[in-house]
Every structure is written in C-alpha cells, then in structure tokens.
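These notes are about the structure you will find just below.
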Amino acid sequence: MIPGAFSYHRPATVADAVKLLADLGDDARPLAGGHSLVPMMKLRLATPAHLVDLHAVAGLKGIKRDGNKVTIGAMTTQHELLASDEIGESLPILHETALLIADPQVRYRGTIGGNVANGDPGNDMPALMMTLAATYQLIGPNGAREVAASEFYQGAYFTALEPGEILTSVMVPVPAAGHGYAYEKLKRKVGDYATAAAAVVLTMSGGKVATCAIGLTNLHETPLLAADAAKAVIGTSLDAASLKKAAQAAEAIMSPAADARGPVEYRKHVGGIMVTRALQRAAGRAK
Ligand SMILES: Cc1cc2nc3c(=O)[nH]c(=O)nc-3n(C[C@H](O)[C@H](O)[C@H](O)COP(=O)(O)OP(=O)(O)OC[C@H]3O[C@@H](n4cnc5c(N)ncnc54)[C@H](O)[C@@H]3O)c2cc1C
C-alpha cells in the first residue's frame with residue numbers, strides 16, 4: 001500500500017504544467033485531488049515517475065455563468081460544486097450527482113476535472129456531462145481545443161486526451177427553464193461507486209415529454225448516452241408501455257463487467273430500473 005518513488009512538481013501556470021508534462025513524457029501524470037490516482041499508485045496499478053500537481057496552477061478553479069453556459073474550472077472540488085448557489089440554480093442535477101459521490105472527505109479533495117478526465121467507467125460525472133451536452137476545454141503542447149463529452153471517452157481509462165494535454169475546464173449549457181432532472185444511482189453502501197446509475201434531463205409540454213437525454217454510468221467500459229431509450233419516451237406521457245420500452249432500449253446497449261457489484265444480467269436489470277426511476281422523478285420535477 002505504499003506507492004513507488006516519484007518526483008513531485010508544482011507548476012504555477014497552465015503553460016508551465018503543459019511544458020513539464022510534454023518534457024517528462026509518458027512517465028508524468030497530472031495530479032488533481034489524488035482520490036483516484038493515489039489509490040491506483042498505492043496498489044501499483046499506476047507507477048508514474050513524475051507527478052505534476054495542478055493545485056497551484058492559476059485559473060483552474062471557479063464557477064462562472066456566462067449567458068446560457070456555465071464554465072467550471074477543472075480544479076473545482078466536488079465540495080465546491082455542492083456549495084455553489086449558481087450550480088444549485090442553473091444545474092441542479094450536477095448538485096444532486098455530486099452529493100452521491102463517495103463521502104465528504106473524498107468530495108473535499110476530488111475535482112470535477114479529475115473525475116471527468118480519469119476515464120473510469122465508475123465515475124459519475126462523465127455520463128452526466130454527456131447527458132448535459134457538456135464540452136471539455138483542453139490545452140496541450142499543440143494549443144487549445146474543445147472536445148464534446150460525448151466524444152471524449154474511448155475505452156476504460158482511455159480518453160481523447162493527447163500526451164501532455166490537461167483539461168482546464170468543463171463548459172455546460174444550462175438546460176431549459178422548467179426542465180426536469182434526476183440522477184438515480186444504485187450502490188451497495190454509502191460511499192460506493194455505482195452498481196448502475198442513470199441521468200435524465202427532460203422537458204415536458206402539455207403533459208408529454210418534449211425533449212429527453214439519458215446517460216448511463218458503470219454499465220459499459222465507457223459512459224453511455226442512451227439515445228434510443230430517450231427517443232422511446234419523446235411524445236409520450238411516460239405511460240407504463242413507454243417506460244418499459246425505454247428501459248429495454250437502454251438495457252440493449254449496456255455491457256457491464258461482472259464483478260463484486262453483481263453479474264452482468266443483474267447489473268443490466270437494475271440499470272433498466274435506474275432509467276425508469278430517473279425518468280419518473282425527472283418528469284415529476286418538470287414544470
Ligand atoms: C473511497 C472512494 C470512493 C469514491 N467513490 C466515487 C463515486 O462514487 N463516484 C465517483 O465518480 N468517484 C468516486 N471516487 C473517485 C473520486 O471522485 C475522485 O476524486 C475522482 O475520480 C478523481 O478526481 P481527482 O481530482 O481526485 O483526480 P486524480 O485522482 O488526481 O486524477 C485522476 C486521473 O485524472 C488525471 N487528471 C486529473 N486532473 C486532470 C486534468 N485537469 N487534466 C488532465 N488529466 C487530469 C490524473 O492524471 C489521473 O490520471 C471515489 C474515491 C474514493 C477514494
């Protein structure tokens with residue numbers, strides 16, 4: 001449970017962090033809250049020779065609303081998301097999801113940037129960011145670029161981040177006024193990763209679903225957008241038949257690992273239940 005030896009670097013600017021990562025190459029990893037990376041190092045599943053700590057890098061923290069977009073600095077902690085009035089008002093599903101991550105000790109240190117950049121299928125923020133149509137801002141040796149959350153995840157722990165790139169912020173469009181939302185997460189105990197989880201953001205008009213997006217956590221090697229499941233409820237009043245169709249369409253794209261959280265069939269089954277519950281709760285909140 002003791003990590004291998006490593007050198008510690010503490011740059012003060014994004015440019016310095018990028019230069020260090022580029023110069024040190026594959027042996028270097030950015031360090032944010034350390035609540036995914038350090039446990040991996042203790043288990044020797046990650047053995048970086050250099051850690052580039054992002055805590056002193058200027059400009060990577062904060063939450064700012066600009067028109068219809070909320071920009072969240074990568075080093076903003078999960079605790080800071082929970083304490084933010086802006087997040088509570090503009091993106092209540094982000095508040096709800098952050099509260100379901102781990103426990104207060106992890107949330108005081110864990111950052112939104114680390115959560116979405118990590119690439120662990122068990123992280124809760126990635127599927128939510130896909131549901132919200134968020135964009136990630138990246139800076140690397142070749143300059144700055146933006147990648148949609150829906151295009152960022154390529155496999156377990158494998159993302160669109162290029163060597164030397166860091167994620168600097170997450171940009172989230174504010175959902176329509178009166179939208180309904182819910183993040184439903186089944187976990188074995190408080191503080192655990194999801195056995196299965198579903199995010200829903202929808203709007204209702206005349207008692208029927210007008211728009212809908214559904215994201216799935218820990219039900220595949222990457223987070224998923226359940227587009228067919230969302231289509232199955234659009235134009236319906238979320239009657240039993242359309243809810244069943246949506247759950248079946250979502251289950252059809254799930255391929256969770258069989259692990260200590262349960263066998264594949266069980267996890268798909270409870271995944272469908274999370275989708276149903278999230279749809280019902282979101283519809284109940286829509287105005
Ligand atoms: C007991 C426990 C329970 C947990 N339960 C949950 C849970 O239920 N749900 C959940 O979502 N998470 C859970 N976590 C993980 C926690 O939320 C982590 O904090 C989060 O996954 C990673 O964020 P971090 O800031 O700690 O990143 P780190 O651990 O510092 O980094 C994670 C990875 O991302 C890379 N990285 C970090 N920041 C950047 C950046 N800005 N740009 C590029 N790469 C970057 C690092 O190099 C590393 O590879 C749990 C952790 C613990 C210890």
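Both ligands and their constituent atoms are indexed starting at 1 by order of listing. As the structure is a prediction and not an experimental result, all values here were calculated from the model.
Judged purely by atom type and a 3.5 angstrom limit, Gln248 has no side-chain atom pairing as donor or acceptor with the backbone of Lys245. A donor-acceptor pair is defined here as one N or O able to donate and one able to accept, closer than 3.5 Å; no such pair exists between the side chain of Glu89 and the backbone of Glu86.
Close contacts of ligand 1 with Gly110, meaning ligand atoms under 4.0 Å from a residue heavy atom, involve 19 (O), 25 (O), 26 (O). Using a 4.0 Å cut-off to heavy atoms of Gly33, the atoms of ligand 1 that qualify are 24 (P), 25 (O), 26 (O), 27 (O), 30 (O). Heavy-atom contacts of Leu54 reach the following atoms of ligand 1: 40 (C), 41 (N) (cutoff under 4.0 Å). Atoms of ligand 1 lying under 4.0 Å from at least one heavy atom of Leu161, given by number and element, are 43 (C), 44 (N). Residue-ligand proximity, Ile166 to ligand 1, at heavy-atom distances under 4.0 Å covers atoms 42 (N), 43 (C).
Nearest to atom 18 (C) of ligand 1 by heavy-atom distance, out of Ala17, Pro126, Ser36, is Ser36. Closest heavy-atom approach to atom 3 (C) of ligand 1 within the set Ala197, Gly34, Gly191: this belongs to Gly191.
Nearest non-hydrogen protein atom to atom 9 (N) of ligand 1 is Asp124 OD2, 2.7 Å. Taking atom 32 (C) of ligand 1 as the reference point, the nearest protein heavy-atom neighbour is Asn118 OD1, 3.6 Å. The closest protein non-hydrogen atom to atom 52 (C) of ligand 1 is Val106 CG2, 3.7 Å. When hydrogens are left out, the protein atom nearest atom 43 (C) of ligand 1 is Leu167 N, 3.6 Å; that is the closest non-hydrogen contact. Atom 6 (C) of ligand 1 has as its closest protein heavy atom Tyr193 CE2, 3.4 Å. Protein heavy atom in closest approach to atom 27 (O) of ligand 1: Gly114 CA, 3.5 Å. Atom 4 (C) of ligand 1 has its closest protein heavy atom at Ala102 CB, 3.4 Å. Protein heavy atom in closest approach to atom 46 (C) of ligand 1: Pro30 O, 3.1 Å.
No cation-pi contact links Arg261 to Tyr193, judged by a cut-off of 6.0 Å to the six-membered ring centre and 45° from its axis.
Other residues, nucleotides and ligands contribute only 12 or fewer heavy atoms inside 6.0 Å of the CG atom of Asp26. Counted within 6.0 Å of NE2 on His50, heavy atoms from surrounding residues, nucleotides or ligands total more than 12; the atom is thus considered enclosed. More than 12 non-hydrogen atoms from other residues, nucleotides or ligands lie less than 6.0 angstrom from NZ of Lys187. Heavy-atom neighbours of Arg285 CZ from other residues, nucleotides or ligands within 6.0 Å: above the threshold of 12.
When all heavy atoms are compared, the tightest approach of Arg44 to Ile2 is NH2-O, 2.7 Å.
Between Asp103 and ligand 1, no pair of N/O atoms sits closer than 3.5 Å. Annotation: Arg109 places no N or O atom under 3.5 Å from an N or O atom of ligand 1; distance criterion only. Considering backbone and side-chain atoms alike, Glu165 places every N or O at 3.5 Å or more from each N or O of ligand 1.
For Asp192, the heavy-atom gap to ligand 1 drops under 4.0 angstrom. Residue contact check for ligand 1: Pro39 places no non-hydrogen atom closer than 4.0 Å to it. Using 4.0 Å as the threshold, Lys185 has a heavy atom nearer than that to some atom of ligand 1. Close to ligand 1: Gln78, with a non-hydrogen atom less than 4.0 angstrom away.
Looking at Asp124 and Thr97, their side chains never bring a donor and an acceptor atom within 3.5 Å of each other.
Put simply, the side chain of Ile214 does not reach to within 4.5 Å of the side chain of Leu202, judged on heavy atoms. Residues Pro141 and Val18 have side chains in contact (heavy-atom distance under 4.5 Å, counting atoms from C-beta outward).
Between Lys185 and Glu96 no salt bridge is recorded (no basic side-chain N to carboxylate O distance below 4.0 Å).
Using the six-membered ring where Trp is involved, Tyr136 and Phe152 have ring planes that are perpendicular, over 60° apart on the 30 and 60° scheme.
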